[in-house]
Visitor: 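This structure is in C-alpha cells; I'll ask about it shortly.
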Amino acid sequence: MWILVIALIILGLFSAILGTLRHNKDGDSNVINVGTDCSSCNGDNAKCEQTCMMEAATKDVEYFDDEELDRFSARPSDSYTDDEAEAFREVLYTMRPSEVKAWSRSLTLRGISLPDQVKDEVFVLMES
C-alpha cells in the first residue's frame with residue numbers, strides 16, 4: 001500500500017515539474033504585445049488586429065472629415081459607381097499614409113464598405 005502512495009506522489013511531482021518546464025519554455029510564444037494605441041499592429045498578427053478592432057469598437061468613432069460617407073452605410077463593396085468611389089478617393093488622398101489604417105477601421109465600425117475600385121489604393125497606402 002505504501003509503495004502505491006509513494007509511486008503516486010512521485011508521479012505527481014514528476015508531472016508538476018514537466019508541466020512547469022513546458023509552460024516556461026512555451027509561455028512567451030503566445031504573448032501578444034499590443035501598444036496602447038495599437039500602433040504596433042502591422043497586419044501580420046490577426047490576433048493583434050482583432051484586439052485593436054475590439055478596442056476601437058468600445059471607443060467613439062473617429063471621423064476624418066468624411067461624415068458625407070455615412071450615406072453609404074450598409075452598402076456592398078461592389079455596388080458603388082465610379083463617381084461614388086471618387087468620394088472615397090477624395091478623403092483618402094487628403095490624409096497622411098499613417099492615418100489610412102485608422103480611417104479603414106473607422107469605416108468598418110460605421111458599417112461602411114470600401115468600394116472595390118478603391119481597395120487596392122487603400123491597401124497600398126496602408127503598407128507604406
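For clarity, every value in this text was computed on a predicted model and none was experimentally measured.
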Visitor: What heavy-atom pair brings P76 and S79 nearest, and what distance separates the two atoms?
Guide: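 Closest approach of P76 to S79, heavy atoms only: O-OG, 2.8 Å.
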Visitor: Could you tell me if the side chain of V122 sits less than 4.5 Å from the side chain of M126, heavy atoms only?
Guide: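 Yes, their side chains come closer than 4.5 Å.
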Visitor: I'd like to know if V124 and Y93 are part of one continuous hydrophobic network [Ile/Leu/Val/Met/Phe/Trp/Tyr, side-chain heavy atoms within less than 4.5 Å].
Guide: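 No; tracing contacts between hydrophobic side chains, which count when under 4.5 Å, never links both residues.
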Visitor: Not counting sequence neighbours, which residues clear salt bridge (charged side-chain N to carboxylate O under 4.0 Å, His left out) with E90? List them please.
Guide: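 Checked E90 against salt bridge (charged side-chain N to carboxylate O under 4.0 Å, His left out); zero matches.
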Visitor: Just grab all the salt bridge (charged side-chain N to carboxylate O under 4.0 Å, His left out) pairs involving residues 110-126, residues at least two apart or on different chains.
Guide: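 Checked against salt bridge (charged side-chain N to carboxylate O under 4.0 Å, His left out) - neighbours excluded - the pairs reaching residues 110-126 are D66-R110, D70-R110, R89-E121, D116-K119.
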Visitor: Could you measure the distance from the CE atom of M95 to the CG atom of L125? Nearest 0.5 Å is fine.
Guide: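 Answer for the CE-CG pair, M95 versus L125, is 9.5 Å.
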Visitor: Would you compute the distance between atom CD1 of I112 and atom OG of S77 and round it to the nearest 0.5 angstrom?
Guide: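 I112 CD1 to S77 OG: 13.0 Å, rounded to 0.5 Å.
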Visitor: State which residues pass side-chain contact (heavy atoms from CB on, under 4.5 Å) with I17; sequence neighbours excluded, sorted by chain then number.
Guide: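 Scan of I17 (side-chain contact (heavy atoms from CB on, under 4.5 Å), adjacent residues dropped) gives L21.
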Visitor: R105 side chain to L109 main-chain N or O, any donor-acceptor pair under 3.5 Å?
Guide: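 Not a single qualifying donor-acceptor pair exists.
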Visitor: Applying side-chain contact (heavy atoms from CB on, under 4.5 Å), can you list everything that pairs with T108, at least two apart in sequence or on another chain?
Guide: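 Counting only residues at least two positions away or on another chain, T108 forms a side-chain contact (heavy atoms from CB on, under 4.5 Å) with M53.
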Visitor: Is a side-chain N or O of S106 found less than 3.5 angstrom from the main chain of V61, in a donor-acceptor match?
Guide: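 No: the side chain of S106 does not pair with the backbone of V61.
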Visitor: Consider only side-chain heavy atoms of I, L, V, M, F, W and Y, link residues closer than 4.5 Å, and tell whether F123 and L92 are in one cluster.
Guide: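 Yes; L92 is reachable from F123 via cluster members.
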Visitor: Do V91 and E68 have side-chain heavy atoms sitting under 4.5 Å apart?
Guide: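 Heavy-atom side-chain distance check passes, below 4.5 Å.
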Visitor: Please give the remaining members of the hydrophobic cluster of W2, linking ILVMFWY side chains under 4.5 Å, ordered by chain and number.
Guide: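 Under the 4.5 Å side-chain rule, W2 groups with nothing.
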Visitor: Tell me, please, which residues at least two apart from D83 pass side-chain hydrogen bond (donor to acceptor under 3.5 Å, both in side chains).
Guide: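 None.
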Visitor: Kindly write out the residues that satisfy salt bridge (charged side-chain N to carboxylate O under 4.0 Å, His left out) with R96, not counting sequence neighbours, or none if the list is empty.
Guide: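 R96 satisfies salt bridge (charged side-chain N to carboxylate O under 4.0 Å, His left out) with E99 once adjacent residues are dropped.
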Visitor: Measure the shortest side-chain to side-chain distance between W103 and L114 over non-hydrogen atoms and say whether it is less than 4.5 angstrom.
Guide: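 When only atoms from C-beta onward are counted, L114 and W103 do touch, with a gap below 4.5 Å.
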Visitor: Just by modelled atom types, is the T81 backbone N or O under 3.5 Å from a matching donor or acceptor in the E84 side chain?
Guide: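 At least one qualifying donor-acceptor pair exists.
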Visitor: Once ring-ring contact (aromatic ring centres under 6.0 Å, His included) is applied, what residue pairs with a partner in residues 66-85 remain, sequence neighbours excluded?
Guide: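 Every pair satisfying ring-ring contact (aromatic ring centres under 6.0 Å, His included) with a residue in residues 66-85: F72-Y80, F72-F88, Y80-F88.
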Visitor: In terms of heavy-atom contacts, does CG of D65 have more than 12 from other residues, nucleotides or ligands at under 6.0 Å?
Guide: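 12 or below, so no.
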